[in-house]
Structures are given as C-alpha cells and as structure tokens.
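Below, chain A is the first sequence line, B the second, and so on; all start at residue 1.
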There are 2 protein chains.
Amino acid sequence: MTLDSSRSRRAAAAVAVRPGEAGASSREVLLQTALDFFSKRGFTGTSIRDIANALGVSVSNIYHYFGSKEGLWLEIMEYSVKTLPDRLEGALTGIEAPLERFEALVRAHLTVSTSYQRELRMIFLQQDRLTDGGDRVNQDVQRAVLGIYIRELEALRAAGIIRTPHLKILAFNVLGVINWQLRWYRGDGPLPVDTVHREIVDFILHGLHGPDSN
Amino acid sequence: MTLDSSRSRRAAAAVAVRPGEAGASSREVLLQTALDFFSKRGFTGTSIRDIANALGVSVSNIYHYFGSKEGLWLEIMEYSVKTLPDRLEGALTGIEAPLERFEALVRAHLTVSTSYQRELRMIFLQQDRLTDGGDRVNQDVQRAVLGIYIRELEALRAAGIIRTPHLKILAFNVLGVINWQLRWYRGDGPLPVDTVHREIVDFILHGLHGPDSN
DNA sequence: GTCTAAATCGAACGATCGCTCTAGAAGCCC
DNA sequence: GGGCTTCTAGAGCGATCGTTCGATTTAGAC
C-alpha cells in the first residue's frame with residue numbers, strides 16, 4: 001500500500017522486468033529491505049551485505065537488479081521522494097483562498113510524510129556521500145518543495161494574512177515542524193496519526209496561542 | 001571561543017594533559033577537525049584516516065589521545081551537547097512568569113544552537129552506530145531537553161495560556177522549528193542570526209498569525 | 001524434450017576500515 | 001649529560017567494504 005503500482009526502471013544491469021510477477025517480487029523485497037536499513041542507518045551505515053544477509057540471498061543478486069549500491073538508493077528515491085512536489089501541487093488544484101490552499105498544502109504534506117516516512121528519513125539522514133548525480137536528486141526535490149511553500153506564503157502575504165518579509169525563514173520553520181515529525185513519531189505508539197496531524201496544523205497556523213486567539 | 005576552557009578526560013590510553021600547552025593544542029586541532037567531518041558526514045561516513053590525513057598526522061596520534069573512534073566522538077559530546085540541559089535551565093533562573101520563562105527558554109536554546117551548531121548536527125545525523133554507552137549519551141540529552149520543554153509547557157497550560165492536552169506533540173513541534181534551523185541556516189549567508197532567531201521565536205509563539213493577532 | 005534468458009550463487013578482487021604494535025623524536029626533570 | 005614520559009610515525013593486522021566474475025539453477029518458449 002505504500003508502494004506505487006507503476007514502477008520506473010533505471011538500473012544499469014537489469015532489463016525489462018514485468019511488474020506483478022515472481023521476478024518483480026524479488027525486486028520488491030530487496031527494495032523494502034534496503035529501505036529499512038537506509039532509513040535506520042543511513043547510506044554509509046548500511047552495507048550491501050547487511051541487506052543481502054537479512055534476506056538470506058547473495059550480494060550478487062542485488063547487483064543483478066540495481067547495478068550498484070547507489071543505484072539501489074536512487075531506485076527508492078525514484079518511486080517515492082521524487083513524487084513529493086507533484087503530490088503537493090496536486091493537493092492545491094481547485095482551491096482559491098490562500099489560507100485554505102496553505103492548510104491543504106500542509107495537510108497533504110503530512111499525509112505524504114506518513115506514507116513515505118522511511119523514504120523521507122533516508123534523505124534527511126543522507127549526507128553528501130553519493131555521486132554528483134545522486135546528490136542532485138535530493139537537492140532538487142527539497143528545493144522544489146521549498147519553492148512551493150514560498151509561493152504560497154507570498155500569496156498569504158499579498159492577502160494581508162502574514163506580514164513578515166522573511167518568507168524563506170517562515171517556510172523553513174513550517175518545514176521544520178513537518179519534517180521533525182519524521183524523527184519522533186512512531187506509528188505503533190499511543191498517538192493516533194490524525195491527532196498528531198491536527199496538532200501540527202494548529203501549531204503551524206496559530207503557534208502556541210490556540211486557534212481561538214484570533 | 002566555542003570551546004569550553006575546562007576539558008574533561010575520558011580516553012583509554014591518554015593520561016593527564018595540562019590544558020593550554022603544546023600537547024593540548026594538538027588535541028584541540030584534532031577535535032576541531034573531527035567535528036568538521038562528523039558534522040558533515042556523520043559517524044559512519046567519517047574514517048579515522050579522513051581526520052588524520054586532513055591534518056597530515058598519523059592515525060596512531062588520534063588513538064594516543066582518544067583511544068578509539070567512538071572515544072573521539074564522545075569527547076566532542078562531552079564539552080558541548082552534554083551541557084545543553086544545564087544551559088537551558090540556567091536561562092530560566094529568576095524568571096517567574098510562565099510565558100516569559102518559555103520565551104527565555106527558546107531564546108537560550110537558539111543561542112546555544114548557534115554556538116554548537118556543528119556539534120548538534122552530529123547528534124542529529126548519528127544513527128545508532130555507537131555502542132550502548134555511546135548511544136545513551138545522545139538519548140539522555142534529548143530526553144532531558146524534552147523534559148524541560150514539557151515542564152514549561154505544563155506551566156503555560158496551568159496559566160491558561162495554552163489549551164491542548166498534547167504537550168508532547170507541542171514540545172516536539174517547538175523543537176522541530178529550533179532544530180531544523182541547524183539544517184538550513186548558514187552563518188555566512190545573507191541572513192543575520194538575530195533576524196533568524198527573532199523570526200523563529202515569533203513563529204513559535206504565534207504561528208502564521210503574527211504577534212498582533214492576540 | 002531443447003534452447004535461451006533471467007535469476008541466483010559462491011568465491012574472490014582490491015581497497016579501505018578500525019585498530020595495534022614497535023620504535024624513534026621531542027620535551028621535561030635532575 | 002642521563003632518565004623519564006609524552007608525542008608521533010609507519011608498518012601491518014584481521015575484518016569488512018563495494019564490486020566483479022564464472023558458473024549453476026530456474027523458468028518460459030517452442
């Protein structure tokens with residue numbers, strides 16, 4: 001359920017694998033296991049043998065499907081994090097009022113964050129150990145998301161709802177609240193996801209002073 | 001200036017080094033270089049040889065002073081991150097009004113974050129690759145800071161200033177804004193540190209709606 | 001059945017990892 | 001000077017790293 005049904009292909013050695021077959025199943029299992037390790041220990045903290053041994057398969061298997069360790073990383077990025085900007089934009093279509101748009105943006109962001117919690121943890125753990133092309137992916141996505149927030153904040157300022165001239169700082173503050181949730185929130189804890197999302201939206205919109213203060 | 005004058009000692013092989021001498025200088029340079037690497041590439045992403053080669057010294061030198069890679073990491077934690085809870089508590093002494101206390105807490109936290117930016121980045125990059133004792137340090141500090149925030153938020157609730165029953169979520173939201181700044185703020189950029197701190201305090205206290213909305 | 005390609009394995013490569021050991025250089029006390 | 005401790009270097013240890021390779025197994029097409 002957390003996986004996209006249409007899967008793109010980019011590996012070096014692997015060729016045409018039809019989705020929904022036994023071959024794809026091996027692929028998926030490898031991706032999921034790699035995701036578990038990458039999101040918990042980061043890129044350098046995870047070895048190819050960690051992933052292979054966890055599944056009881058050989059390391060050559062991974063190279064057969066993904067070509068390299070970085071290829072495996074990028075494959076995970078491909079179906080998850082890279083889709084983030086489009087998903088955020090999609091949540092805005094049809095909404096006109098700036099404040100409504102902004103709230104929809106935050107809510108959509110939280111929803112995607114919940115779906116791709118491990119994938120997003122990966123990019124926030126990773127620290128310039130990939131080749132240039134690999135780093136680019138993360139930077140582009142983060143820049144795109146920031147751009148969306150700044151654009152919406154500009155609309156809020158034009159509407160007279162916010163006054164600060166430092167929209168970039170404001171955008172980072174909002175992103176901080178949303179992304180920090182990736183660090184502390186555990187789905188298996190006592191807090192329901194709806195409660196957490198509602199509290200975060202309230203905090204972003206009203207800060208410490210609750211929604212009844214305006 | 002970002003270093004404590006009194007330095008604690010815990011290495012395995014090293015013994016009594018008087019501060020302020022030539023011996024201490026080698027030590028300091030090693031610590032600073034290690035700090036640069038750890039804060040940029042994390043624990044697993046940094047090798048002992050990275051640090052030694054950057055300084056043109058031998059790896060044995062590092063082991064002479066710190067005993068192990070983890071010892072080097074913990075030594076950095078010792079003079080910086082571990083002092084965080086005490087510094088936050090110190091900023092609260094003499095202040096009575098809950099809201100004033102909270103604002104002072106946030107401001108002190110931002111000040112310390114600026115002083116120990118690289119050190120704090122280390123602990124947010126690191127991901128359970130240390131031995132049990134090493135992990136404990138980070139966890140204890142983070143728990144202590146969270147405890148301080150929750151205690152102050154309880155005072156705010158008792159004073160009727162906030163209403164939400166989910167103080168833990170609220171505390172994480174505040175910490176998210178503060179800690180996220182470690183990820184994006186560069187001191188050499190165009191934004192003055194005072195401006196950033198003021199915007200963050202305003203955001204935490206009032207959210208998107210500015211300070212004149214209550 | 002045969003043929004072919006995808007899937008999987010185990011061994012091994014060179015490089016790098018954290019770390020140890022031995023030994024010489026430098027600094028201080030007398 | 002000698003005698004001691006501290007500091008530093010370099011070689012090398014076993015382990016693990018990402019990766020490659022040849023060979024074997026599996027599975028579908030005919």
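Across the protein-nucleic acid pair, D50(B) atom CG and dG18(C) atom P stand 8 Å apart, rounded to whole Å. Here dT16(C) presents its P atom at 11 Å from CG of N53(B), a figure rounded to the nearest Å. When rounded to the nearest whole Å, the span between OH of Y65(A) and P of dC9(C) equals 10 Å. Counting to the nearest Å, the P atom of dT22(C) and the OH atom of Y63(B) are 17 Å from each other. Between I62(B) atom CD1 and dG18(C) atom P the separation is 9 Å, expressed in whole Å. Atom C1' of nucleotide dC19(C) and atom CG of N61(B) are separated by 14 Å, given to the nearest angstrom. One interatomic measurement links the two molecules: CZ of R49(A) to C1' of dA15(C), which rounds to 12 Å at whole-angstrom precision. Rounded to an integer number of Å, the gap from L30(B) CG to dA9(D) C1' is 14 Å.
In terms of phosphate contacts, S26(A) brings a side-chain nitrogen or oxygen within less than 4.0 Å of OP1 or OP2 of dT8(C). For H64(A), no side-chain nitrogen or oxygen approaches OP1 or OP2 of dT8(C) to under 4.0 Å.
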Worksheet item: Can you check side-chain contact (heavy atoms from CB on, under 4.5 Å) on L30(A) and Y65(A), steps first, answer last?
Response: CA-CA 9 Å; L30(A) 281 172; Y65(A) 283 110; 3.6 Å; yes
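Using a 3.5 Å distance cut-off with no hydrogens or angles, the side chains of R118(B) and Q32(B) do pair a donor with an acceptor. Checked by atom type, the side-chain pair Q117(B)/Y185(B) shows no donor-acceptor distance below 3.5 Å.
Out of dA9(D), dC19(C), dG18(D), the shortest distance to the side chain of S68(B) is found at dC19(C). Closest to the S47(B) side chain, of the nucleotides dC7(D), dC17(C), dC17(D), is dC17(C).
In this structure, the side chains of R41(A) and T44(B) stay at 4.5 Å or more apart for every pair of heavy atoms. Counting heavy atoms from C-beta outward, S39(A) and L125(A) have side chains that stay 4.5 Å or more apart.
Using a 4.0 Å heavy-atom cutoff across all strands shown, T44(B) reaches no nucleic acid atom at all. Using a 4.0 Å heavy-atom cutoff across all strands shown, V57(B) reaches sugar-phosphate atoms only and no base atom.
The residue among T46(B) and S58(A) whose nearest nucleotide of DNA chain C is located toward the 5' end is S58(A).
For S60(A) against dG10(C), a side-chain-to-base donor-acceptor contact under 3.5 Å is present.
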